Colleague: 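Dropping a structure here in structure tokens format, bear with me for questions.
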Amino acid sequence: TQSTWGGATLRLCLLPMKMAVVQLLALLTVAGLTAGRNFNLQNNLGYTVWVGILGNAGKGTPDNGGFALNNGERRTVQIADGWGGRFWARTGCNFNGNGQGHCATGDCGDKLSCNGAGGVPPVTLAEITLNGAGGKDFYDVSLVDGFNVPMQMKPTVGGGSGYSCTTAGCTNDLNPGCPDDLKIWDGGNVVACKSSCLAYNRDDYCCRGSSNDPNVCKGSPSAGYFKSNCPGAYSYAYDDGTSTYTCQNTDYDIIFG
């Protein structure tokens, strides 16, 4: 009888302990979601790129703003919740041992670690705001500043439909078919495609001045080329309706290529 009672006492003592462990794990899970997110950057281009990262004003710049990502390599960047900013790929870079050098596209001030500097257009951008209006993340892949490499951004949560928790981006290489007046050449190769705004600096192409109105600014020649080949990417400043995606409580994959 004593041994049975002892066993019951032991079980009664263990029960509150198990409940406490379950509660602790639940708290840690919630804390993990609110503490930050993982951005998994994958290079499928067939050559090395140098990632650029820039936080919006006051949001900070993760991983010093840049690093090399070899072909086939995957690297995870941890970012605080509430962050907002952009990612891009720099191509054709050469850096010395001090991290000084230059990139053919997406250069951020002749340095490996961008440290708060943005990429020189034309460049494909993955943009995101974490925990925005209504607690949602807002993300897109933008060709507003032009194109240099195919790029996608997608939530790891999976599922989704329409513009909710689905893949934003451009999987086509737009450089070969880029209109001649928009091509950027390097070493005999087309390495990027300018936007019409960047090429001609016209208000009607840039949606500024008297054209700073969604009812007036309806795109540009480059916007038509970009959108027809990459319908899931931003093609000009007021292309919100078919380019902005939302999700929440998820990590993200960013794929080059």
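This one's a predicted model, so the numbers in the text were calculated from it and none came from an experiment. We use all heavy atoms of the structure for the numbers below, so side chains are in, but hydrogens, waters and symmetry mates are not. Counting from 1, the numbers follow the sequence of the chain as shown.
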Colleague: For the backbone of Gln100 and the side chain of Asn98, can you confirm whether one donor and one acceptor N or O come within less than 3.5 Å of each other?
Modeller: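 Pair absent, no side-chain N/O of Asn98 close to backbone of Gln100.
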Colleague: Using side-chain heavy atoms (C-beta onward) and a distance below 4.5 Å, is Thr124 in contact with Leu143?
Modeller: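 Answer yes - side chains close enough.
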Colleague: Report yes or no: does Arg90 contribute a side-chain atom to a donor-acceptor pair with the main-chain N or O of Leu112 at less than 3.5 Å?
Modeller: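 Yes: the side chain of Arg90 pairs with the backbone of Leu112.
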Colleague: Is any side-chain heavy atom of Ser196 closer than 4.5 Å to one of Pro221?
Modeller: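 With C-beta onward as the side chain, the pair touches.
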Colleague: Under 3.5 Å, is there a donor-acceptor pair between the side chain of Ser142 and the main chain of Val144?
Modeller: yes
Colleague: Is any side-chain heavy atom of Arg208 less than 4.5 Å from a side-chain heavy atom of Asn201?
Modeller: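 Side-chain contact under 4.5 Å: yes.
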Colleague: To the nearest 0.5 Å, what is the distance between CE (Met153) and CD1 (Ile128)?
Modeller: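 Rounded to the nearest 0.5 Å, the CE-CD1 separation comes to 5.0 Å.
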Colleague: Could you give me the CA-CA distance, side-chain angles and deciding distance for Gln42 and Asn44, then say whether side chain to side chain donor-acceptor pair (under 3.5 Å) is met?
Modeller: CA-CA 6 Å; Gln42 175 76 37; Asn44 293 339; 3.1 Å; yes
Colleague: Show the numbers, then the answer: is there a side-chain contact (heavy atoms from CB on, under 4.5 Å) between Asn131 and Trp83?
Modeller: CA-CA 8 Å; Asn131 281 347; Trp83 187 81; over 6 Å; no
Colleague: As a quick check of understanding, evaluate side-chain contact (heavy atoms from CB on, under 4.5 Å) for Phe226 and Cys193, giving each step before the final call.
Modeller: CA-CA 10 Å; Phe226 293 156; Cys193 188; 3.9 Å; yes
Colleague: Could you walk me through whether Thr91 and Val149 pass the side-chain contact (heavy atoms from CB on, under 4.5 Å) check?
Modeller: CA-CA 9 Å; Thr91 66; Val149 300; 3.8 Å; yes
Colleague: Kindly indicate whether the side chain of Asn172, heavy atoms from C-beta on, has any atom under 4.5 Å from the side chain of Pro150.
Modeller: no
Colleague: Under 3.5 Å, is there a donor-acceptor pair linking the side chains of Asp240 and Tyr234?
Modeller: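 Their side chains do contain a donor-acceptor pair, which is all the 3.5 Å distance test asks for.
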Colleague: Do the side chains of Val141 and Val51 join up, straight or via other hydrophobic residues, at under 4.5 Å, putting them in one cluster?
Modeller: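 Yes; tracing contacts between hydrophobic side chains, which count when under 4.5 Å, links both residues.
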Colleague: Can you name the nearest heavy-atom pair linking Gly65 to Thr61, along with the distance?
Modeller: CA-CG2, 3.3 Å
Colleague: What's the separation between atom OH in Tyr245 and atom OG1 in Thr242, rounded to the nearest 0.5 Å?
Modeller: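 These two atoms lie 8.0 Å from each other.
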Colleague: Would you give the length of the straight line joining atom CG of Leu182 to atom CZ of Phe147, rounded to the nearest 0.5 angstrom?
Modeller: 13.0 Å
Colleague: Can you list the steps and then say if Asn43 with Asn71 is a side chain to side chain donor-acceptor pair (under 3.5 Å)?
Modeller: CA-CA 5 Å; Asn43 181 5; Asn71 176 44; 5.0 Å; no
Colleague: So with a 6.0 Å cut-off around NZ of Lys154, is the heavy-atom count from everything else above 12?
Modeller: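 At most 12 heavy atoms, drawn from other residues, nucleotides or ligands, come within 6.0 Å of this atom.
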Colleague: For the pair Lys218 and Asp204, find out whether any cationic side-chain nitrogen is under 4.0 Å from an anionic carboxylate oxygen.
Modeller: no
Colleague: Evaluate the side-chain proximity of Cys103 to Phe95: yes if any heavy-atom separation is below 4.5 Å, no if none is.
Modeller: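 Yes - at least one pair of side-chain heavy atoms lies under 4.5 Å apart.
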Colleague: For Asp173 and Asn175, indicate whether the former's side chain and the latter's backbone hold a donor-acceptor pair under 3.5 Å.
Modeller: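 Confirmed, Asp173 side chain pairs with Asn175 backbone.
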Colleague: Give a yes or no on this: more than 12 heavy atoms of other residues, nucleotides or ligands lie within 6.0 Å of atom NZ of Lys136.
Modeller: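 No, not enclosed.
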Colleague: Of all the heavy-atom pairs spanning Arg37 and Thr250, show the shortest one and how long it is.
Modeller: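 In terms of heavy atoms, the two residues are closest at NH1-O, 2.9 Å.
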Colleague: Are the charged groups of Asp253 and Arg74 less than 4.0 angstrom apart, N to O?
Modeller: yes
Colleague: Considering only NZ, NE, NH1 and NH2 on the basic side and carboxylate oxygens on the acidic side, decide whether Arg75 and Asp63 come within less than 4.0 Å.
Modeller: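 Asp63 and Arg75: salt-bridged.
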Colleague: Starting at SG of Cys178, measure out to NZ of Lys194 and round the result to the nearest 0.5 Å.
Modeller: 8.5 Å
Colleague: Nearest heavy-atom pair of Ala192 and Pro122: which atoms, and what distance?
Modeller: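 Residues Ala192 and Pro122, closest heavy atoms: CB-CG, 3.6 Å.
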Colleague: If hydrophobic clusters are built from ILVMFWY residues whose side chains come within less than 4.5 Å, do Met151 and Phe39 share one?
Modeller: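 Yes; Phe39 is reachable from Met151 via cluster members.
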Colleague: Under the criterion side chain to side chain donor-acceptor pair (under 3.5 Å), I'd like the reasoning laid out for Tyr200 against Asp181: C-alpha separation, chi angles, the key distance, then a yes or no.
Modeller: CA-CA 10 Å; Tyr200 295 102; Asp181 60 327; 2.5 Å; yes
Colleague: Give the intermediate values and the outcome of side-chain contact (heavy atoms from CB on, under 4.5 Å) for residues Thr129 and Asp137.
Modeller: CA-CA 6 Å; Thr129 297; Asp137 303 335; over 6 Å; no
Colleague: Would the distance check show the side chain of Asn96 and the main-chain N or O of Gly99 forming a donor-acceptor pair, the cut-off being under 3.5 Å?
Modeller: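 Indeed, once roles are kept as given, a pair shorter than 3.5 Å links the two residues.
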Colleague: Shared ILVMFWY cluster between Leu125 and Ile254, side chains joined below 4.5 angstrom?
Modeller: no
Colleague: Quick one: does Asp213's side chain have a donor or acceptor within less than 3.5 Å of a partner on Asn215's backbone?
Modeller: yes
Colleague: I want to check a possible cation-pi pair here: Arg202 against Tyr205, using under 6.0 Å from ring centre and within 45° of the ring axis as the test.
Modeller: yes
Colleague: Is there a donor-acceptor pair under 3.5 Å between the side chain of Tyr225 and the backbone N or O of Leu174?
Modeller: yes
Colleague: Between Ser164 and Ser161 (side chain of the first, backbone of the second, donor and acceptor by atom type, cut-off under 3.5 Å), is there such a pair?
Modeller: no
Colleague: Do Tyr236 and Ser195 have side chains that get closer than 4.5 Å, going by heavy atoms?
Modeller: no
Colleague: What distance do Thr48 atom OG1 and Phe256 atom CZ have between them, rounded to the nearest 0.5 Å?
Modeller: 12.5 Å
Colleague: Is it the case that the side chain of Asn148 and the backbone of Ala89 share a donor-acceptor pair, with hydrogens and angles ignored and the cut-off at 3.5 Å?
Modeller: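 Present.
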Colleague: Do Val49 and Val77 belong to the same hydrophobic cluster, where Ile, Leu, Val, Met, Phe, Trp and Tyr are linked whenever their side-chain heavy atoms lie under 4.5 Å apart, directly or via other members?
Modeller: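 Yes, one cluster joins them.
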Colleague: Verify the cluster assignment for Tyr47 and Phe67: are they in a single hydrophobic cluster under the rule of side-chain heavy atoms below 4.5 Å apart?
Modeller: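 Yes.
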Colleague: Any sub-3.5 Å donor-acceptor pair from Trp50's side-chain atoms to Leu69's backbone N or O?
Modeller: no
Colleague: Do Cys207 and Cys217 have their SG atoms less than 2.5 Å apart?
Modeller: yes
Colleague: Report yes if some heavy atom in the side chain of Lys227 is under 4.5 Å from a heavy atom in the side chain of Asp239; otherwise report no.
Modeller: yes
Colleague: When you check the side-chain N and O atoms of Tyr163 and Asp140, is any donor under 3.5 Å from an acceptor?
Modeller: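 Absent: no donor and acceptor within the cut-off.
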Colleague: In sequence, state the C-alpha distance, the side-chain angles, and the governing distance for Asp203 and Ser211, and then conclude on side chain to side chain donor-acceptor pair (under 3.5 Å).
Modeller: CA-CA 6 Å; Asp203 285 357; Ser211 295; over 6 Å; no
Colleague: If you round to the nearest 0.5 Å, how far is CZ of Phe87 from CG of Leu41?
Modeller: 6.0 Å
Colleague: Is there side-chain contact between Thr244 and Phe138, with at least one heavy-atom pair below 4.5 Å?
Modeller: yes
Colleague: Examine the side chains of Asn40 and Thr76 and answer whether a donor and an acceptor come within less than 3.5 Å of each other.
Modeller: yes
